Amino acid sequence: MTTRKLLLIAAAVIAGAVSCSKSPLEKKVDEIVSKMSLEEKIGQMVQLNVTVVTDKEGKKISEQGEQIIRQYKIGSILNTPGDNGSTTAEHYRDLIAQLQDISLDEMGIPCIYGLDQIHGATYTTGATFFPQEVNIAATFDTKHAANMGKVLAYETRACNVPWVFSPVMDLGRNPVWPRVWESYGEDVCLTRAMAVAETVAIQGEDKDNIDEYHTAVSLKHYMAYGMPVSGQDRTPSMVSYRDLMERFFQPFKACVEAGALTIMVNSAINDGIPFHSNKELLTGWVKEGLNWDGFFVTDWADVKNIHSRDHVAASTKEAAMLAVNAGIDMIMDPYTPDVCTELLELVKEGKVSKERIDDAARRIIRAKLRMGLFDDPYGKKGSYEKFACEEHVAMAYQAAVEGEVLLKNEGAMLPLSKDAKILLVGPNANSMRTLNGGWSYSWQGDKAASEEMTGQYNTILEALQAKFKNVKYHSAVEYYGARWQDDRVTDLSAAVRDAASCDVIVACIGENTYCETPGNTPDILLSSNQRDMVKALAATGKPVVLILNEGRPRIIADIEPLAKAVVDIMLPSNYGADALAALLCGEENFSGRLPFTYPKYPNRYTPYDYYLSENVTTMAGAYNYDAKVDAQWNFGDGLSYTTFEYSDMTVDKTDFKAGDILTVSVNVKNTGERAGKESVLLFSSDIYASVAPSVRRLRDFKKVEIPAGESVKVEFSLPAENLAFAGHDLKWHLEPGEFRLAIGSESVNVNCVE
């Protein structure tokens with residue numbers, strides 16, 4: 001027998017073994033894809049906006065829409081009919097049933113419908129809205145991310161929608177960026193933990209069998225989206241690959257390892273390369289590096305943007321070639337199916353291989369099988385009696401309570417007596433819109449102002465009136481017009497006059513709602529009208545409590561000294577005002593902490609994990625330069641109505657090696673007179689390293705509830721590998737040397753010996 005025949009026989013045996021070893025899921029993928037035409041595979045790779053295929057009312061699939069689906073074999077639809085939250089679960093189910101009728105008849109493959117569900121089923125009538133992600137991060141308790149994910153998935157699946165574009169995992173490390181509120185804040189450790197908890201809660205424990213009460217996730221936006229140089233949405237970042245690996249990649253990596261089925265890609269470019277055409281980051285780091293079998297979906301029209309905006313491709317067809325060859329599997333081209341024709345031409349021209357098309361189609365079919373769409377395309381298995389039930393509401397309320405942050409409480413100004421005479425002022429005092437933020441009933445959040453949408457919930461005015469006996473209200477300043485950033489003075493003079501008869505002034509200030517690019521701003525100073533309002537009222541001599549209701553930190557350095565107390569409620573959503581009222585009167589206790597650094601000056605912002613050279617004293621000699629970090633409030637800041645004392649921090653290993661796990665413990669005592677919850681944060685500092693180390697990094701956190709006068713021992717298991725850093729060679733390094741571990745007021749030094 002010749003060598004060639006032996007090799008052929010061996011190859012056949014290996015191929016048979018591989019075939020036999022395939023899972024039932026992969027065999028099913030093989031079976032389906034093998035029967036698909038090239039046109040059908042390409043059609044699976046395209047996602048259209050629902051308005052392209054429905055009538056004007058969004059009630060039914062139009063004749064033209066049906067023709068588009070059939071002709072181009074479209075595999076996915078996104079967005080809410082009519083772009084508002086008045087869509088009922090029944091409406092979604094009926095519309096999706098129409099889509100499935102067409103898709104199954106034409107291709108035998110169910111359609112996958114996707115929605116942006118950022119803090120609940122926020123495009124569905126009557127759904128439970130949780131606080132925005134930045135508030136969830138402020139709880140420093142992953143339980144709330146898991147609760148939000150569980151409820152979000154359940155109430156979305158009640159609509160027979162099997163796929164959500166969530167969680168948002170961008171590190172919000174530029175306070176000008178208009179999507180800070182969608183993020184879990186500026187820190188890697190906090191974002192990673194929250195995002196993993198939400199991902200697992202949304203999808204369930206088994207990524208291969210997502211049941212009728214869970215949905216697939218789409219992690220977004222891969223990656224460094226929250227770090228634009230200009231601060232403007234969808235503009236370039238300049239993040240080194242070392243920093244990409246060490247910070248921005250880590251939450252995505254952890255969620256992929258936790259089973260995430262899909263990833264949405266960052267709209268912008270980094271160092272001149274569009275993320276949508278970066279093969280190293282898409283295929284290299286994720287598909288190959290993590291052995292990931294999910295699929296990448298683009299953001300809105302971003303393949304065309306490679307041509308029209310970024311000028312990296314000379315045509316939309318070339319842009320499609322670059323994106324698909326880089327690793328994009330599904331193209332969100334919301335208004336036209338033309339990319340189907342372009343991809344077909346590219347394959348025939350040999351510029352995109354059939355193997356790459358097959359790979360993309362397999363990934364999408366695999367995801368649809370995992371979601372159970374082939375077994376139950378019409379969503380008949382589930383029963384959704386718990387939609388917006390009391391249990392879900394209680395979870396959202398508790399998240400709001402723990403996600404509002406007390407930043408200042410001079411002279412124990414808070415809590416307020418229920419008999420206190422309160423003068424309530426400000427543009428955010430009587431607004432459901434500003435409590436919710438964007439992605440709430442509509443893209444820009446403006447529909448949250450509708451009585452139809454939010455009439456059953458309480459504004460801050462209504463919530464305070466329910467808790468306190470004497471509340472007088474003047475807007476003093478109000479938002480007006482179509483632009484979210486416009487405000488004007490109203491009855492400020494009347495408010496100043498009525499201050500004479502009040503005990504305390506509660507000023508609700510901040511921002512109106514916005515989302516994405518419309519939220520760009522050239523100035524993060526709080527508006528002059530609002531700051532002047534606070535100054536005028538403080539001049540009356542009555543104590544002022546500032547309530548900050550905003551999607552990103554607006555600078556208030558000139559008015560903060562005028563306030564006795566400051567509470568940052570951020571965007572706590574429909575139950576946020578009830579939570580605030582309960583906190584202000586002392587029925588609830590504050591436990592939230594800032595998940596970002598709150599800047600004091602417009603041009604001096606430094607995240608908490610800065611380099612040592614960013615905060616140095618004046619040097620001696622001719623060149624006496626210095627640098628200063630000076631924030632209004634720091635990452636992790638937050639007060640309570642009780643106090644906590646740390647002591648007896650220990651580490652079980654003074655010397656450790658790379659494979660070790662360090663057990664770190666500390667005693668935390670509630671030294672106040674009432675029970676409270678404390679977020680215990682473990683930080684590390686690498687004293688010397690071959691790459692300049694950060695001053696400190698959060699490594700773990702736990703939230704504990706402690707009765708008055710009692711103590712608890714809090715313990716962390718810290719893998720030594722977590723202390724490693726990414727080098728310029730893009731490899732991880734844990735170098736011998738000294739590290740400082742710190743919790744609260746306590747710290748211990750340990751030594752890596754090899």
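These figures come from a predicted structure and were not determined experimentally. When reading the values below, keep in mind they use all heavy atoms of this one structure, side chains included, and skip hydrogens, waters and symmetry mates.
Nearest heavy atoms, Val303 versus Ala323: CG2-CB, 3.8 Å. Here the shortest heavy-atom pairing between Thr283 and Ala326 reads OG1-O, 2.7 Å. Between His214 and Gly204, the closest heavy-atom pair is CD2-N, 3.4 Å. For the residue pair Pro175 and Pro553, the shortest heavy atom distance occurs at CB-CG, 3.8 Å. In terms of heavy atoms, Cys515 sits closest to Trp439 at SG-NE1, 3.3 Å. Contact record, Ser166 with Leu152: OG-CD1, 4.3 Å, taken as the closest heavy-atom pair.
With rounding to the nearest 0.5 angstrom, the CG atom of Asp358 is 11.5 Å from the CD1 atom of Ile365. Atoms CD1 and OH, from Ile524 and Tyr601 in turn, are 13.5 Å apart once rounded to the nearest 0.5 Å. Atom NE2 of His119 and atom CD of Glu198 lie 11.5 Å apart (nearest 0.5 Å). Taking CG of Leu594 as the reference point, atom CZ of Phe140 lies at 8.5 Å (rounded to 0.5 Å). Here Met332 contributes atom CE and His276 contributes atom NE2; the two are 8.5 Å apart, rounded to the nearest 0.5 Å.
A distance-only check finds a donor-acceptor pair linking the side chain of Asn670 to the backbone of Ile706 [under 3.5 Å]. Checked by atom type and distance alone, the side chain of Arg370 never pairs as donor or acceptor with a backbone atom of Leu261 at under 3.5 Å. Put simply, the side chain of Lys351 never gets that close to the backbone of Met321: no donor and acceptor are under 3.5 Å apart. Under the 3.5 Å distance criterion, the side-chain polar atoms of Trp292 are left unmatched by any main-chain donor or acceptor of Gly289. For Asn174 (side chain) and Pro228 (main-chain N/O), a donor-acceptor pair under 3.5 Å exists by modelled atom type. At distances below 3.5 Å, not a single donor-acceptor pair connects side-chain atoms of Ser237 with backbone N or O atoms of Val239.
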Kindly determine whether Met169 and Ile263 satisfy side-chain contact (heavy atoms from CB on, under 4.5 Å), including the steps that lead there.
CA-CA 11 Å; Met169 302 163 53; Ile263 300 173; over 6 Å; no
If you apply the rule side-chain contact (heavy atoms from CB on, under 4.5 Å), what do you find for Phe295 with Met45, and how did you get there?
CA-CA 10 Å; Phe295 72 82; Met45 297 172 64; over 6 Å; no
Run Ser679 and Arg593 through side chain to side chain donor-acceptor pair (under 3.5 Å) and show every step you take.
CA-CA 8 Å; Ser679 293; Arg593 292 194 178 206; 4.6 Å; no
Run the side-chain contact (heavy atoms from CB on, under 4.5 Å) test on Val405 and Met570 for me, step by step, so that the C-alpha distance in whole Å, both residues' side-chain angles and the decisive distance to 0.1 Å come before the verdict.
CA-CA 9 Å; Val405 185; Met570 293 169 280; 3.8 Å; yes
Glu678 vs Ser640, side chain to side chain donor-acceptor pair (under 3.5 Å): CA-CA, chis, key distance, verdict:
CA-CA 8 Å; Glu678 173 74 340; Ser640 169; over 6 Å; no
Could you go through the side-chain contact (heavy atoms from CB on, under 4.5 Å) check for Trp732 and Met245 one step at a time?
CA-CA 9 Å; Trp732 288 93; Met245 175 173 286; 3.9 Å; yes
How far apart are the C-alpha atoms of Asp170 and Ser183, what are their side-chain angles, what is the distance that settles it, and do they pass the side chain to side chain donor-acceptor pair (under 3.5 Å) test?
CA-CA 6 Å; Asp170 308 301; Ser183 77; over 6 Å; no
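No side-chain heavy atom of Asn751 sits under 4.5 Å from any side-chain heavy atom of Asn749. Leu571 is listed as a side-chain neighbour of Asn135, based on a closest heavy-atom distance under 4.5 Å. Within the 4.5 Å cutoff, side-chain heavy atoms of Pro274 are placed close to those of Ile269. At a threshold of 4.5 Å between non-hydrogen side-chain atoms, the residues Leu282 and Lys287 do not count as touching. Looking at heavy atoms from C-beta onward, Phe249 lies out of side-chain contact with Leu281 at the 4.5 angstrom threshold. Using a 4.5 Å heavy-atom threshold, the side chains of Leu734 and Cys752 count as touching. Looking at Asn325 and Val352, their side chains come closer than 4.5 Å, going by heavy atoms from C-beta outward. Considering only heavy atoms from C-beta on, Arg699 comes within 4.5 Å of Leu723 through its side chain.
Taking the six-membered ring where the residue is Trp, the centroids of His733 and Phe725 are separated by under 6.0 Å. Taking the six-membered ring wherever Trp is involved, the centroid distance between the rings of Phe165 and Trp163 falls below 6.0 Å.
By the salt bridge (charged side-chain N to carboxylate O under 4.0 Å, His left out) test, Arg363 is found to be paired with Asp359, residues two or more places apart in sequence or in another chain being considered. Listed by chain and residue number, nothing satisfies the side chain to side chain contact (heavy atoms under 4.5 Å, CB included) test with Asn291 (two or more places apart in sequence, or in another chain). Taking Thr517 as the reference, Asp233, Arg234, Asn520 meet the side chain to side chain contact (heavy atoms under 4.5 Å, CB included) condition, with sequence neighbours excluded.
Counting only residues at least two apart or on different chains, no salt bridge (charged side-chain N to carboxylate O under 4.0 Å, His left out) pair has a member in residues 264-284. Residue pairs satisfying the salt bridge (charged side-chain N to carboxylate O under 4.0 Å, His left out) criterion with at least one member in residues 238-266, sequence neighbours excluded, are listed as follows: Arg242-Glu246, Asp243-Arg247, Glu246-Arg697, Arg247-Asp609, Lys253-Glu257. The salt bridge (charged side-chain N to carboxylate O under 4.0 Å, His left out) pairs that include a residue from residues 736-748 number zero, where partners must be two or more places apart or lie in different chains.
Using a 4.0 Å cut-off between a side-chain N of Lys or Arg and a carboxylate O of Asp or Glu, Arg366 and Asp329 do not qualify as a salt bridge. Between Glu26 and Arg362, at least one side-chain N (NZ, or NE/NH1/NH2) sits under 4.0 Å from a carboxylate O, which counts as a salt bridge. A salt bridge does not link Glu182 with Arg552: none of the charged nitrogens is closer than 4.0 Å to a carboxylate oxygen.
At least one test fails for Lys220 against the ring of Tyr225: distance under 6.0 Å to the centre or angle within 45° of the axis.
The one candidate from Asp187, Asp637, Thr597 that meets the side-chain hydrogen bond (donor to acceptor under 3.5 Å, both in side chains) condition with Tyr608 is Asp187.
For Lys669, the NZ atom sits in a loose shell: 12 or fewer heavy atoms of surrounding residues, nucleotides or ligands are nearer than 6.0 Å. Taking a 6.0 Å sphere around NZ of Lys677, one finds it holds more than 12 heavy atoms contributed by other residues, nucleotides or ligands.
Using bins of under 30°, 30° to 60° and over 60° for the plane-to-plane angle, the ring pair His307/His311 lands in the parallel bin. Between Phe683 and Phe635, the ring planes lie perpendicular to each other; the angle is over 60°, past the 30° to 60° tilted range. Ring geometry for Tyr222 versus Phe252: interplanar angle over 60°, hence perpendicular rather than tilted (30 to 60°).
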